[in-house]
2 protein chains.
Amino acid sequence: MSLTHAIMTSLLEKPCTGAELARRFDKSLGYFWQATHQQIYRELGKMELSGLIAAHGMPTARGQQRQFAVLAAGRSELASWCAQEGALRPIKDALLVRMRAAAVLGATGGDTVDILTEMRRHMLLHGEVLARYEAIEAHDFPAGSPRSAADELQLAVVRAGIAYENSWLAWCHQALAALEAG
Amino acid sequence: MSLTHAIMTSLLEKPCTGAELARRFDKSLGYFWQATHQQIYRELGKMELSGLIAAHGMPTARGQQRQFAVLAAGRSELASWCAQEGALRPIKDALLVRMRAAAVLGATGGDTVDILTEMRRHMLLHGEVLARYEAIEAHDFPAGSPRSAADELQLAVVRAGIAYENSWLAWCHQALAALEAG
DNA sequence: CACCCCATGTAAAGAGTTACATGATTTT
DNA sequence: AAAATCATGTAACTCTTTACATGGGGTG
């Protein structure tokens with residue numbers, strides 16, 4: 001499971017509390033892997049039990065902050081997961097299901113569903129996300145500054161997001177043109 | 001939930017049994033929305049109870065084929081779902097988590113994880129999927145042949161897959177070049 | 001003190017995966 | 001008739017989401 005490993009990655013960068021993790025998952029980290037605070041607390045609990053991480057400070061008590069850090073066992077578990085092979089992520093986008101549904105509804109009974117508005121909406125949203133990613137790239141990886149091997153990896157991750165959003169934007173543009181012409 | 005609507009879309013195109021649905025989800029339809037036969041049978045049961053679809057033939061009995069077709073209620077439910085707004089689908093790709101993990105493992109303790117091999121593997125796999133999508137486009141939508149409005153929608157869906165895979169391929173190529181240089 | 005916010009947590013339902021089971025049909 | 005295969009289904013588990021609950025600390 002990747003959530004465990006995403007959390008350990010973030011804790012390795014800097015130990016923190018569950019709430020701070022949830023905030024990170026809402027910001028940069030969460031652009032590539034999302035999690036709610038409920039998931040995070042549950043995983044933290046499991047990982048503590050398994051001895052992958054440890055809380056610096058007090059035992060469980062509501063309302064009390066608990067700072068987590070990765071243990072050696074967690075670090076080696078992360079390294080071993082890293083070396084494993086993973087499957088490609090499938091597309092599974094509801095917009096595409098809606099388009100197929102609109103096609104068959106129109107073809108089999110004359111219901112005409114306006115799917116173009118939804119496609120235009122997606123195009124705008126993809127543009128917004130793209131702008132966020134490009135801002136991250138410009139801010140964290142300015143052109144011309146020296147980059148370590150770790151920086152190169154992080155930059156490649158951001159650029160995956162940029163490529164992904166650019167691809168959707170271009171597709172929306174082209175598909176809308178084709179569908180509006182017909 | 002989209003699985004319900006993906007199933008109805010497929011049943012509208014042509015009524016069929018659960019097993020045939022599972023086969024379709026393994027082929028063309030499944031390239032954009034995946035489901036196992038267990039999920040499909042569970043959804044079919046729920047949808048039959050809700051009156052969205054009906055089985056032409058015998059009641060529940062193991063081993064007996066049951067042909068499903070969409071009812072009017074199902075059709076209008078599908079149309080109304082089609083008109084709803086959906087959120088963008090987040091990226092959530094384990095390869096990107098592995099890359100960030102490899103970055104932090106290298107930066108904080110000198111563990112060097114070979115992530116390039118996994119990236120090359122993904123590049124090959126994306127190439128294979130792209131070839132499948134392009135074969136579908138060439139076979140089902142040959143250039144120059146007339147296309148209905150429904151055909152244009154279906155083609156746009158296939159091209160979303162092509163754009164998606166092309167984007168990953170280009171990213172893999174560029175990221176590998178950058179990382180191998182460093 | 002009353003109020004509000006924040007960090008932490010519980011509960012329940014939805015969605016997906018994996019493993020297994022049973023009746024019918026086909027093959028040998 | 002035995003074996004293999006297919007269509008259907010159950011069970012258990014994991015992951016995710018949504019809604020709600022509780023304790024502590026700060027502010028008016």
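Residue numbering restarts at 1 for every chain, and letters A, B, ... go by the order of the sequence lines.
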Atom-to-atom span, [atom1] of [X] to [atom2] of [N] - whole angstrom:
X: A/Arg66; N: D/dG23; atom1: CZ; atom2: P; value: 17 Å
X: B/Glu48; N: D/dG9; atom1: CD; atom2: C1'; value: 13 Å
X: A/Gln65; N: C/dG9; atom1: CD; atom2: P; value: 12 Å
X: B/Met47; N: C/dG14; atom1: CE; atom2: P; value: 16 Å
X: B/Leu44; N: D/dA7; atom1: CG; atom2: C1'; value: 12 Å
X: A/Glu20; N: C/dA7; atom1: CD; atom2: P; value: 9 Å

With sequence neighbours left out, the residues meeting side-chain contact (heavy atoms from CB on, under 4.5 Å) with A/Val157 are A/Phe32, B/Leu96, B/Met99, B/Arg100
For residues 137-146 of chain B, tabulate all N or O donor-acceptor pairs below 3.5 Å that involve a side-chain atom, not counting sequence neighbours.
residue, atom, partner, partner atom, Å
B/Glu137, OE2, B/Arg159, NE, 2.8
B/Glu137, OE2, B/Arg159, NH2, 3.1
B/Ser145, OG, B/Pro142, O, 2.9

Check the phosphate of D/dC6 against B/Arg23, side-chain N and O only, distance under 4.0 Å to OP1 or OP2. Yes or no?
no
Can you tell me if B/Tyr41 touches the phosphate of D/dG9, counting only side-chain N or O atoms and a distance under 4.0 Å to OP1 or OP2?
no
Electrostatic pair B/Arg132-B/Glu128, nearest N-O below 4.0 angstrom
no
Polar atom pairs between nucleotides 15-19 of chain D and protein, under 3.5 Å, N or O only, would you list them?
residue, atom, partner, partner atom, Å
D/dT16, OP2, A/Gln39, NE2, 2.8
D/dT16, O5', A/Gln39, NE2, 3.2
D/dT17, OP2, A/Gln39, OE1, 3.1
D/dA19, N6, A/Gln38, NE2, 2.6

ring-ring contact (aromatic ring centres under 6.0 Å, His included) pairs touching residues 95-125 of chain A, sequence neighbours excluded, are none
Sequence neighbours excluded, the answer for side chain to side chain donor-acceptor pair (under 3.5 Å) partners of A/Tyr164 is A/Trp168
Extract all donor-acceptor atom pairs below 3.5 Å that involve side chains of residues 70-80 of chain A and protein atoms in other chains or at least two apart in sequence.
residue, atom, partner, partner atom, Å
A/Arg75, NE, B/Asp111, OD1, 3.0
A/Arg75, NH1, B/Thr108, OG1, 2.9
A/Arg75, NH2, B/Leu105, O, 3.0
A/Arg75, NH2, B/Thr108, OG1, 3.4
A/Arg75, NH2, B/Asp111, OD1, 2.8
A/Ser76, OG, A/Ala73, O, 3.2
A/Glu77, OE2, A/His5, NE2, 2.7

